[in-house]
S.K.: 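One structure is given below, represented as C-alpha cells, and several questions about it will come after.
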Amino acid sequence: MLLSDKINLEERKQHYLDQTKNYRSKIVICAGTGCMANGSMKVYAKFKEVIRDRGLDVTVALKKEKADYMLVESGCQGFCQMGPLVTILPEDTLYTKVQVEDVEAIVDQMLTANGKVEHLLFERPDTGERIAKQDKIPFYEKQHRTMLKLCGNIDVNDLDEYIANEGYFMARKAVLEMTDVEICKEILDSGLRGRGGGGFPTGRKWDLTRVNESDVKYVICNGDEGDPGAFMDRCVMEGNPHSVLEGMIIAAMGVNATEGYIYVRTEYPLAVSRLKSAIKVARESGILGKNIFGSGKDFDIHVMEGAGAFVCGEETALISSIEGKRGMPTLKPPFPAQKGLFGKPTLINNVETLATVPVVLRMGAEKYSQIGTATAKGTKTFALTGNVANTGLIEVPFGSTLRQIVGEVGGGVMNNDGTLCGCDFKAVQIGGPSGGCLTQDHLDLPLDYDNLQKVGAMVGSGGLVVMNQGTCMVKLARYFMQFTQNESCGKCVVCREGTRQMLALLDDIIEGNATQETLDLLEELAQTVKVGSLCGLGKTAPNPVLSTMRYFKDEYHAHVFDKRCPTGECEALASYRVIPEKCKFCSLCAKKCPVDAISGSKGVPYVIDTEKCIKCGVCITVCRFGAIIKG
Amino acid sequence: MGDNFSSKFERVCAILNKYNQRSDKLIPILQEVQEEYSYLPEDTMTYIATALGISPGAVFGVATFYSHFTLEPKGKYIIKVCDGTACHVKKSEDIIGVIEKELGLSSKKKTSDDMMFTLETVACLGACGLAPVVVVNDAVHGAMTKEKTAELIKQIKEEELANATV
C-alpha cells in the first residue's frame with residue numbers, strides 16, 4: 001500500500017509550519033455562499049494576477065517552499081453582508097466589499113508596508129470610524145468564537161492547514177488512546193447539549209447508543225438545516241468540513257460505529273461538494289476508511305443529499321429518507337439508539353454538535369463546562385438576520401442577552417429603507433417555525449435552553465430574525481404557519497388538517513373577517529395540534545402563533561375588532577389617509593385616483609374617502625411631499 | 001422516436017447500475033434521473049420501480065413527497081426566490097410579484113408558455129446575510145430590489161434574443 005497506514009500528524013503539522021513561515025503575508029478570501037455571490041472568486045483570481053504582475057511569487061493550495069504570498073480560499077467568515085471579505089494576515093486587516101477594481105490598491109499598499117486602503121475598511125455605522133483589525137470590529141469583538149474559530153480562517157481544501165491548527169489530534173486520541181466509555185464520559189462531563197433544537201445531553205445520547213450491542217452501528221450527521229433564516233450548519237460544512245468529520249470519528253469511537261452518513265439538504269450544493277472532497281483527502285491520508293490511524297479499526301463516511309423536505313430534520317424521518325423512503329417520522333420508542341438506520345443502533349447528531357466535539361476534547365470537559373450558564377454549557381452559533389445592521393453568523397456563549405447580541409454584535413436595528421433607526425426592535429423571532437418571539441421585555445434575559453422554554457420560545461437551531469416596528473406580527477405568525485402547513489408530512493391528522501385550519505383562521509384575521517370566536521378557536525386548535533402530533537414539527541408548529549398572541553395581543557385585537565393593521569402591512573385592512581400638515585394642495589393625487597376617492601381644494605387639505613378607496617396605492621406613489629400614508 | 005426511446009432508457013439503466021439496483025438508493029437515483037431529464041417522466045418512474053423490485057406507487061410516493069422532485073418539465077431558466085424568514089422580512093413577496101408580472105406567471109402557473117422561465121419559491125437558501133435572494137439556475141443574486149429584479153429578467157430575455165438571432 002502506497003499510503004502510510006499511520007498518518008503522522010506532528011510531521012504534517014511541522015511541514016506546514018515550515019513551509020508557510022517565510023511567506024510575507026497570507027491573504028484570506030472568503031469563499032462562503034454569500035461572498036461568492038458577490039464575486040469573491042473573481043477577486044481571488046485578480047489577486048493572483050496582480051501579485052504576479054508585480055513580479056512576486058504567490059502560492060495557492062499546493063504550497064511551495066518559497067513564495068512571497070499565500071492566497072487562501074476560506075469558508076464563511078460570518079459577516080456576509082459586508083462581503084466579499086478579504087483578510088490580510090498576520091496583521092489581521094479586514095477589507096470589506098472588495099471588488100476586482102480594488103485589488104491593485106490593496107496589493108500596492110501591502111508592498112509599501114503598513115499602509116491601509118482606507119475606504120475598504122469597515123466603517124462603524126454609528127460613529128463613522130474606520131476599523132482595520134478584524135477583532136476590533138464590534139461584530140467580531142463581542143463574539144466568542146470557539147467552534148467557528150477556524151471557519152473562515154483556514155483553506156477549506158487544505159487538510160494540512162487543519163492539522164496545523166491541531167486538527168485530527170483529538171480524533172487520533174479517541175481512536176488510539178481512549179476507550180468508548182471514556183469518550184462518552186468526557187462528553188457527558190462537558191455538559192454539551194444538542195445544538196439542533198432539542199437540547200438533549202449529547203453524552204447521554206452517545207452512551208445510550210454505546211450500550212446497545214450490534215455488529216453494525218451508524219453515526220449520522222444531521223445537516224438538513226431546514227429552518228428558514230438559519231444557516232449555521234451550512235457555514236460549518238462549507239468552511240470547516242474536516243471538523244465535522246473529526247467530530248464524527250470521535251462519536252464513532254464513542255459508540256463503536258463503523259459507518260457514517262452526513263445528510264445534507266439539497267439547497268446547499270457547495271457544502272455537499274466540500275464535504276465530499278474533504279472525505280476523499282481524509283481517506284487518502286488514512287484518517288477515514290479501513291484501519292484508521294493504523295488502529296485496526298474501520299470507519300467511513302458517506303454523503304447523502306436530501307431532496308427538499310423540512311420534516312427530514314426530525315431524526316426518525318431522516319433515517320427513513322436515507323433508507324430511500326418517504327421521510328415520515330416514526331413512533332419513539334424504539335429510539336434510533338436502539339433501532340435506527342436499517343434497524344441498527346444509530347447515533348444521530350446535528351452538524352454544530354459534532355463540530356463542537358473536537359473543541360470539547362481539546363479544551364477538556366472541565367474547562368469547556370466553565371463557559372455558558374448552569375444548564376447550558378459552551379457557546380452557540382446564531383444566524384443573525386432581518387432588520388439589523390450587521391447580519392451574519394455569530395457565536396456567543398450561552399447566557400448572552402439580546403441586548404448584547406442585537407445591540408452590540410448586530411449593531412442595532414434598521415429601518416425598512418436601510419438606515420439605522422436608533423430605536424428598539426419590535427420583536428426577535430428565535431428558533432424559526434418551531435420557536436417563538438421575544439420582545440423588549442426580554443432584552444436582558446440570559447439566553448439558554450431553559451430560560452427560552454419558560455418564555456414560550458426555544459433555541460431551536462439558532463435562527464435569530466430581528467424585526468423592526470414596521471413588521472406585522474399577525475402576518476409573521478401566518479408566514480410561519482404557512483411554512484409548517486406546507487411541510488407537514490401528513491401522517492398525523494391534527495398536524496395535517498390542524499395547521500391548514502389554523503392558517504385559514506389567520507387569513508380571516510388578516511382579511512378582516514374575524515371575530516372573538518376566531519381567536520378562541522385559533523388558540524384551542526393550537527393546543528390540540530401541540531398535543532396530538534407525533535413529531536417535533538407538529539408539536540412546535542403552533543408556537544409562533546401562541547407566542548405572538550401572548551406578546552402582541554393588542555395587535556391581534558386591532559385586526560379583529562378595529563379591522564385595522566397597525567403597521568399597514570395587511571393589505572385588506574390598510575387604509576390610506578392624508579396627513580393634513582404635509583399636504584400642499586397640488587391635487588395630483590385626486591387627478592390620479594382611478595375611482596375619484598380623493599377630494600379637496602386650494603387651501604383645504606385633501607381627504608380620502610375610505611368607502612370609495614380601492615387601496616391601489618397610486619396616490620402614495622404620485623405624492624411628492626410624502627403626505628399620504630398607509631396604516 | 002425509436003432511437004430516442006431506447007437511448008432514454010439506456011441512461012436510466014446506467015444510473016440504476018451505478019447504484020446496483022438497490023431500492024434504498026431510490027432518492028439518489030431519482031435525483032440523477034431528474035438531472036438527466038430535468039424532470040421525472042412517468043414511464044421512467046414505472047421503469048425504475050420494476051428495476052428496483054418495488055411498486056410504482058412507492059416510487060411515485062417518494063417522488064411526490066420531496067419538493068425537489070418535479071413531475072413536469074421546467075423552463076430553461078429556473079428562478080428561485082427565497083422566501084425564508086430573513087428574505088420574507090426584507091420583502092421577498094414584492095420580488096415574487098415583480099417576476100410574476102414580468103413573465104405573466106401566477107401561483108398556479110409556474111412555467112412560462114415559451115418554456116423559458118420557471119418561478120419557484122424556496123423556504124431558505126441559507127444566504128440570509130444577502131436577503132432578499134434570487135437564484136437563477138445556479139447564480140446567486142443578493143440584496144435584490146424590485147428594480148434589480150426587473151433588470152435581471154430583462155437582461156436574460158435580451159441575451160436569449162441575441163442568441164436566437166445569431
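Note that these values count all heavy atoms, side chains included, but never hydrogens, waters or copies made by symmetry. Per chain, numbering begins at 1; letters A, B, ... match sequence-line order.
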S.K.: Count the heavy atoms belonging to other residues, nucleotides or ligands that lie under 6.0 Å from NZ of Lys110(B), then report whether that count exceeds 12.
M.R.: yes

S.K.: Within residues 51-60 of chain B, which residues come under 4.5 Å of chain A, heavy atom to heavy atom?
M.R.: none

S.K.: Given heavy-atom pairs under 4.5 angstrom as the criterion, report whether the side chain, backbone, both or neither of Leu384(A) touches chain B.
M.R.: neither

S.K.: Tell me, for Ala383(A) versus chain B, whether the close heavy atoms (under 4.5 Å) come from the side chain, the backbone, both or neither.
M.R.: neither

S.K.: Quick one: what part of Cys312(A) sits under 4.5 Å from any heavy atom of chain B, side chain, backbone, both or neither?
M.R.: side chain

S.K.: Counting only non-hydrogen atoms closer than 4.5 Å, does Phe310(A) touch chain B with its backbone (N, CA, C, O), its side chain (CB onward), both, or neither?
M.R.: neither

S.K.: Could you please spell out the steps behind the side-chain contact (heavy atoms from CB on, under 4.5 Å) verdict for Ile27(B) and Glu305(A)?
M.R.: CA-CA 9 Å; Ile27(B) 292 171; Glu305(A) 247 181 276; over 6 Å; no

S.K.: Please give me the minimum heavy-atom distance between Gly324(A) and Val62(B), naming the atom from each residue.
M.R.: O-CG2, 3.7 Å

S.K.: Does atom CD (Glu42(B)) have a neighbourhood of more than 12 heavy atoms from anything else shown, all under 6.0 Å?
M.R.: no

S.K.: Sort Lys80(B) into side chain, backbone, both or neither according to what part of it lies under 4.5 angstrom from a heavy atom of chain A.
M.R.: neither

S.K.: Looking at Ala307(A) and Phe69(B), what are the two nearest heavy atoms and their distance?
M.R.: CB-CE1, 3.7 Å

S.K.: Taking Leu130(B) as the fixed residue, which of Thr385(A), Thr33(A), Asn38(A) is the one that meets the side chain to side chain contact (heavy atoms under 4.5 Å, CB included) rule?
M.R.: Asn38(A)

S.K.: For Met82(A), which atoms come within 4.5 Å of any heavy atom of chain B: side chain, backbone, both, or neither?
M.R.: neither

S.K.: By the definition side chain to side chain contact (heavy atoms under 4.5 Å, CB included), identify the one residue from Val466(A), Val465(A), Asn416(A) that meets it with Val89(B).
M.R.: Val465(A)

S.K.: Please rank Ala37(A), Gly470(A), Gly32(A), Gly392(A) by heavy-atom pairs under 4.5 Å with chain B and give me the top one.
M.R.: Ala37(A)

S.K.: Which heavy atom in Ala86(B) sits nearest to a heavy atom in Gly386(A), and how many Å separate them?
M.R.: CB-N, 4.4 Å

S.K.: Just checking Lys146(B): does its NZ atom have more than 12 heavy atoms from other residues, nucleotides or ligands closer to it than 6.0 angstrom?
M.R.: no

S.K.: So, for Tyr479(A) and Ala123(B), which heavy atoms are closest and what is the spacing to 0.1 Å?
M.R.: OH-O, 4.4 Å

S.K.: Using a cut-off of under 4.5 Å on heavy-atom pairs, state which of Glu267(A), Met36(A), Met304(A), Glu323(A) scores highest against chain B.
M.R.: Glu323(A)

S.K.: Answer with side chain, backbone, both or neither: which region of Arg234(A) has an atom nearer than 4.5 Å to a non-hydrogen atom of chain B?
M.R.: side chain

S.K.: Ignoring hydrogens and angles, tell me if any N or O in the side chain of Gln31(B) forms a donor-acceptor pair with the backbone of Gly306(A) under 3.5 Å.
M.R.: yes

S.K.: Using only heavy-atom distances, determine whether the side chains of Tyr66(B) and Ser321(A) contain a donor-acceptor pair under 3.5 Å.
M.R.: yes

S.K.: Non-hydrogen atoms of chain B under 4.5 Å away: do they reach the side chain of Phe342(A), the backbone, both or neither?
M.R.: side chain

S.K.: Counting only heavy atoms not in Glu151(B), do more than 12 fall under 6.0 Å of its CD?
M.R.: yes

S.K.: For Lys101(B), is the NZ atom crowded, meaning more than 12 foreign heavy atoms sit under 6.0 Å from it?
M.R.: no

S.K.: Taking all non-hydrogen atoms of both residues into account, name the closest pair between Thr64(B) and Arg326(A) and its distance.
M.R.: OG1-NH1, 3.9 Å

S.K.: Can Glu569(A) and Glu93(B) be said to form a side-chain contact (heavy atoms from CB on, under 4.5 Å), step by step?
M.R.: CA-CA 12 Å; Glu569(A) 274 210 324; Glu93(B) 270 181 334; over 6 Å; no

S.K.: Under 4.5 Å heavy-atom distance to chain B, tell me which part of Asp233(A) shows up: side chain, backbone, both or neither.
M.R.: neither

